[in-house]
Amino acid sequence: MADKKTKGKALAARMYDALSREFPDSACSLEYDCPQNLAIRGILSAQCTDKRVNITAADLFSKYPDMESIASEDPDVIASVIKPCGLTASKTRSVIAFAKKMTGEWGGRVPDDVELLMEVPGIGRKIANLIVGEVYQIPAVVVDTHCKRVMKRIGITESDDPAKVEKDIMKVFPEDTWIRLGHLSVDLGRKYCTANNPKCDDCPCSSFCAGRK
Ligand code: SF4
């Protein structure tokens, strides 16, 4: 009889296959043209939609095309630009702190190190993993609200704690799937496995999902 880890790996493989077929073009929904722009969009994304972040960040970068101009701007002016993303005070502190790191000790290069990135207030593990995965292709798991929900429903994890969910994912999904898995989970969460009234009958994971309704 297969042990728990073997079963978990089989479930993970089925999930990854099903989602890859359903969402062949799955990708990061935050737009960016350089690593620092992705990091700032990540900061702005807390409790905000990607659509709103993309609009507001485009406005910010049209007014402040480099990190020097953000780092030296009056915080109140930055706050007025990023206000549409909410949590204005904390996001303003984070955006300016990130810009100062970039123009100071990081020498203009976004670090490829999760712990270093997390030195910026407002960059937590989720955003740091997004940056190292997207920018540097270092295998990392982004556990956002969609990922947490779908992984629990399908049966990959029993936890609601993002750090534990991340560990449970890493145990059963191969390393070379981690980056894409985050995007696939978001697609699944948005299209079928919504927080309320999931569309289980149409879901590509319905034949093996533990939480199917
Ligand atoms: S079958 Fe239902 S609960 Fe399971 S992943 Fe799909 S939508 Fe979510």
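Throughout, residue positions are numbered sequentially from 1 according to the sequence presented. Numbering of ligands and ligand atoms starts at 1, following listing order.
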Please list, chain by chain and in numerical order, all residues satisfying side chain to side chain donor-acceptor pair (under 3.5 Å) with T88, sequence neighbours excluded.
-> none

Among Ile, Leu, Val, Met, Phe, Trp and Tyr joined by side-chain contacts under 4.5 Å, find the other residues sharing a cluster with L181 and list them by chain and number.
-> L11, M15, Y16, L19, F23, V141, V143, V150, M151, I154, I156, V165, I169, M170, V172, F173, W178, L184, L188, Y192, F208

Does a salt bridge link K63 with E73, judged by any charged N lying under 4.0 Å from a carboxylate O?
-> no

Salt bridge present between E119 and K101 (N-O < 4.0 angstrom) | yes

Only pairs at least two apart or in different chains count here, so list each side chain to side chain donor-acceptor pair (under 3.5 Å) that has a residue in residues 196-206.
-> D201-R212

Under 2.8 Å from atom 4 (Fe) of ligand 1, how many protein N/O/S atoms do you get? Just the number, please.
-> 1

Between R14 and D17, does at least one N-O distance fall below 4.0 Å, as a salt bridge requires?
-> no

